[in-house]
Protein chains: 2
Amino acid sequence: METLPSGPATINDVAARAGVGVGTVSRVLNGRTNVRPVTRAKVLDAIEALKYRPSSIARNLSLRRTHVIGVVVPFFTSHSAVERVRGVASVLGRSPYDLMLFDIEAEDRREHAFRLFDRGDRSDGLLLLSLVPPDDEVERLRAARLPCVLVDAPHPGFPSIVIDDVRGGELATKHLIELGHRLIAFVGDKPPDPFRFASSRDRTLGYERALSQAGIEARPEFVREGTQSHQVARGIAIDLLRLPQRPTAVFAASDAQALGVLEAARILGIRVPQELSVVGFDDVEVAALVGLTTVRQPLFESGRRGAELLLQLVAGGADQVVEPVVEQLPVEVVIRSTTAAPG
Amino acid sequence: METLPSGPATINDVAARAGVGVGTVSRVLNGRTNVRPVTRAKVLDAIEALKYRPSSIARNLSLRRTHVIGVVVPFFTSHSAVERVRGVASVLGRSPYDLMLFDIEAEDRREHAFRLFDRGDRSDGLLLLSLVPPDDEVERLRAARLPCVLVDAPHPGFPSIVIDDVRGGELATKHLIELGHRLIAFVGDKPPDPFRFASSRDRTLGYERALSQAGIEARPEFVREGTQSHQVARGIAIDLLRLPQRPTAVFAASDAQALGVLEAARILGIRVPQELSVVGFDDVEVAALVGLTTVRQPLFESGRRGAELLLQLVAGGADQVVEPVVEQLPVEVVIRSTTAAPG
DNA sequence: TTGAAAGCGATACCAG
DNA sequence: CTGGTATCGCTTTCAA
């Protein structure tokens, strides 16, 4: 009979069976018009009979493209990151691109750096969420002409989707000031590691600016730093709320941290918002559920826009001139039930 | 001087520059020992000078493996799915495998079916979360000898990680019965589409079983079906709570739906748990935050185990005999503050 | 319109 | 030990 089917059918098998050349099969596969209908039919029959499916790997090699978009995200454990990834997925889902997820939290930094950027040929484009690549990586990315877009992190070399964190921090703090608060504390992130982007720091800046604009003296003991986890934030907040001169309001650099503050208040028997006002940042889904007043940033939208922009770059080809545009998304305070005038 | 560097350096460039054959370069690259130190040094120098990085694509083609694990997830918008993916990511992060995410919610079914399983050569293994593949796909997966593991969905052909949904539903309902409730309603999913797994249906079964065991007559008007979204569940719950004979307790097939029920109660001014008890299912993070009594299933753990099992299969090679073991993870009721004896 | 052949960039076998 | 060459499965000139 025929050659024994060792493994899945290849384009050669199809060509042989249809009695044509591989080139012709390829043309049919790619919807080229310059194929006689009769020939096309023969090829289609062979494909059907052999249950042939083209190998995307071989295709990748030949075309020098992967149809994959890489999404690099630190700390995939955070709600905000997930929300952004959702935005990305919503765009890629309607495109021919697949989504490769690189969670650098889960792996050793060195290994990651090696693997991810090994050549940049695992994906046709990279979306970096909330992290700024070190300079040497930037250089390699450019050398590899790999389209890149940053979300929630600024970099002079790449287009980026950001928000005005300073302004966000300012808005939150102003809201508290306008309610009449004067003793306002801040709970934020630790100083960032080389990879992560320091959005929290900018929010601190906004906090300080709002205070000084209102003529309120900043108290060093009111500014605390920890990690994003609400557990850690809770501990920090407990310290804060045990101060001899206790703050009447807390602005947290993220909703996760704000939730920790809320827990701390509950533990200490401090009523919110009567005795303590709390403002978060992000407006993750939980915020609405627990009635947390917060600064909303368009998380899903940022992922969506980032993906759109990246797809555009990818489509534009490697030779286009990419200007590192900075797209700024709006922020706004969403007032719910964790803030009120000081008791 | 040398050939102009059109694109990144290849293994040929390295071989030429080092004055050796490509075979030797490949050996060095792959850490083979049978290379003279001097030769190795020359190759390493050339690699360094050329900033050469091997092409993973070409590697894939030659090796016939991708070092990618595909994770197929419907409804990536749900917390439980995300939690599972986290579990998967935690395992893959410490492995040489990358994670490709296929969100079939975001794309057209037909397109998906074509793309995802086109040949199965985009990944070395597939993890299917909460969905059962249609029979023809199963056949293709087997034909392609692509290792597969199901999480939160049973199938006679593949190993799977599951929980006992019937028992979960039973436990939840029993908890309510033991509190003294007799008018217990159920809010669950719609009948499943061909793809999605019907865990909700099994939970209904458990609900019914618990009722009958307690000698409580099941009321058809107390069993409602909608979607997973809490918005829809809220609407359904409002209907339910407006019934002439209103239930004193509701068991929801997921925490998302339970949150909808909670909202409904708030809207109607019904106090929880005094006038209405609510039990959810999953124990997503939010559940703890809002104090929801729920049936805990190990979401993260299920992803973790699934990934571990899959990696094992992948390592085992294509020729091993895979018995479709079913691994069952435990469920338990977590009692918080949304359940109490009927008022 | 179509077939033959040359890449794409690695791995692996086979002599030497 | 090492170089040469076939191979992986597809796309794409280049002639015919």
Side-chain angles (χ1 to χ4, degrees), chain A residues 3 5-44 46-47 50-67 118-122 124 144-145 318, chain B residues 3 5-44 46-47 50-67 118-122 124 144-145 318:
Chain A
T3 58
S6 59
T10 73
I11 197 173
N12 287 296
D13 302 329
V14 175
R17 166 131 191 169
V20 302
V22 292
T24 303
V25 177
S26 176
R27 278 169 217 129
V28 172
L29 248 29
N30 294 287
R32 294 290 196 294
T33 53
N34 52 346
V35 178
R36 228 180 352 162
V38 208
T39 316
R40 174 185 305 275
K42 279 194 298 185
V43 172
L44 257 19
I47 290 180
L50 265 29
K51 291 178 190 290
Y52 166 73
R53 301 294 160 210
S55 154
S56 45
I57 300 205
R59 213 143 189 284
N60 288 345
L61 181 57
S62 195
L63 290 175
R64 296 149 152 278
R65 48 186 288 167
T66 61
H67 271 299
D118 60 0
R119 184 178 180 141
D121 68 345
R122 295 188 72 94
D124 295 344
R145 296 174 159 286
Chain B
T3 59
S6 58
T10 74
I11 198 173
N12 287 296
D13 301 330
V14 175
R17 166 132 191 170
V20 302
V22 291
T24 303
V25 177
S26 178
R27 277 170 219 129
V28 172
L29 247 29
N30 294 287
R32 295 290 195 296
T33 53
N34 52 347
V35 178
R36 220 175 2 153
V38 211
T39 315
R40 175 186 303 277
K42 278 196 298 186
V43 171
L44 257 19
I47 289 179
L50 266 29
K51 291 179 192 290
Y52 165 75
R53 302 294 160 209
S55 154
S56 44
I57 300 205
R59 221 148 177 278
N60 288 345
L61 181 58
S62 197
L63 254 24
R64 296 150 153 276
R65 47 185 289 170
T66 62
H67 271 301
D118 58 1
R119 184 178 180 142
D121 68 346
R122 296 189 73 94
D124 295 344
R145 296 176 159 288

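Sequence lines set the chain letters: A, B, ... in the order given, protein chains first and strands last, and positions in each chain run from 1.
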Query raised in the report: Roughly how many Å is it from CG in B:Asn12 to P in C:dC8, rounded to a whole number?
Result: 9 Å
Query raised in the report: DNA chain C: B:Gly23 or B:Ala58, which has the more 5' nearest nucleotide?
Result: B:Ala58
Requested in this report: Return the value, rounded to whole Å, for the distance between atom OH of B:Tyr52 and atom P of C:dG9.
Outcome: 10 Å
Report task. Run the numbers on A:Thr10 and A:Val22 for side chain to side chain contact (heavy atoms under 4.5 Å, CB included), then give the verdict. Result -> CA-CA 10 Å; A:Thr10 73; A:Val22 292; over 6 Å; no
Requested in this report: Look at the side chain of A:Arg27 and the base of C:dG3, then say whether one donor and one acceptor between them are separated by less than 3.5 Å.
Outcome: yes
Query raised in the report: Any idea which heavy atoms bring A:Arg40 and A:Val35 closest together, and the distance?
Result: N-CG1, 3.8 Å
Query raised in the report: Is there a side chain to side chain contact (heavy atoms under 4.5 Å, CB included) between B:Asn60 and A:Asn60 once you walk through the steps?
Result: CA-CA 10 Å; B:Asn60 288 345; A:Asn60 288 345; 5.9 Å; no
Query raised in the report: Looking for any heavy atom pair under 4.0 Å, which part of the strands does A:Asn30 touch: base, sugar-phosphate only, or nothing?
Result: sugar-phosphate
Query raised in the report: Hey, does A:Leu61 reach any base, or is it just sugar-phosphate, or nothing, if we go heavy atoms under 4.0 Å?
Result: base
Query - Check: A:Asn30/A:Arg59 side-chain N/O donor and acceptor closer than 3.5 Å - result: yes
Report summary line: B:Leu29 CG to C:dA10 P, in whole Å, measures 8 Å
Query raised in the report: What is the distance from CZ of A:Arg65 to P of D:dT12, rounded to the nearest Å?
Result: 10 Å
Report task. Classify the side chain of B:Ser62 and the base of C:dG9 as holding, or not holding, a donor-acceptor pair under 3.5 Å. Result -> no
Report task. Report the distance from atom CZ of B:Arg59 to atom C1' of D:dT7, rounded to the nearest whole Å. Result -> 16 Å
Query raised in the report: Rounded to whole angstroms, how far apart are CG on A:Leu63 and P on D:dG9?
Result: 16 Å
Query raised in the report: If you round to the nearest 0.5 Å, how far is CG of B:Leu61 from OG1 of B:Thr66?
Result: 12.0 Å
Report task. Ignoring backbone atoms, establish whether A:Thr24 has a side-chain N or O less than 4.0 Å from OP1 or OP2 of C:dG3. Result -> yes
Query raised in the report: So, is B:Arg36 near the phosphate of D:dT2, with a side-chain N or O under 4.0 Å from OP1 or OP2?
Result: yes
**Report entry** Short side-chain to backbone donor-acceptor contact, A:Asp121 and B:Ser56, under 3.5 Å
**Finding:** yes
Query - Closest nucleotide among C:dT11, D:dG3, D:dG9 to the A:Ile11 side chain - result: D:dG9
Query raised in the report: Looking for any heavy atom pair under 4.0 Å, which part of the strands does B:Arg32 touch: base, sugar-phosphate only, or nothing?
Result: sugar-phosphate
Report summary line: Whichever of B:Arg64 and B:Arg40 has the more 5' nearest nucleotide on DNA chain D, that residue is B:Arg40
Requested in this report: Give B:Val22 one of three labels, base, sugar-phosphate or nothing, depending on what nucleic acid heavy atoms sit under 4.0 Å from its own.
Outcome: base
Query raised in the report: Whole Å only: how far is the CD1 atom of B:Ile57 from the P atom of D:dT11?
Result: 14 Å
Report task. Please check the phosphate of C:dA10 (OP1 and OP2 only) for any side-chain N or O of B:Ser26 closer than 4.0 Å. Result -> no
Report task. Could you work out which one of D:dG3, D:dT12, D:dG9 sits closest to the side chain of B:Val20? Result -> D:dG3
Query - Distance, rounded to the nearest Å, where B:Asn34 contributes CG and D:dG3 contributes P - result: 12 Å
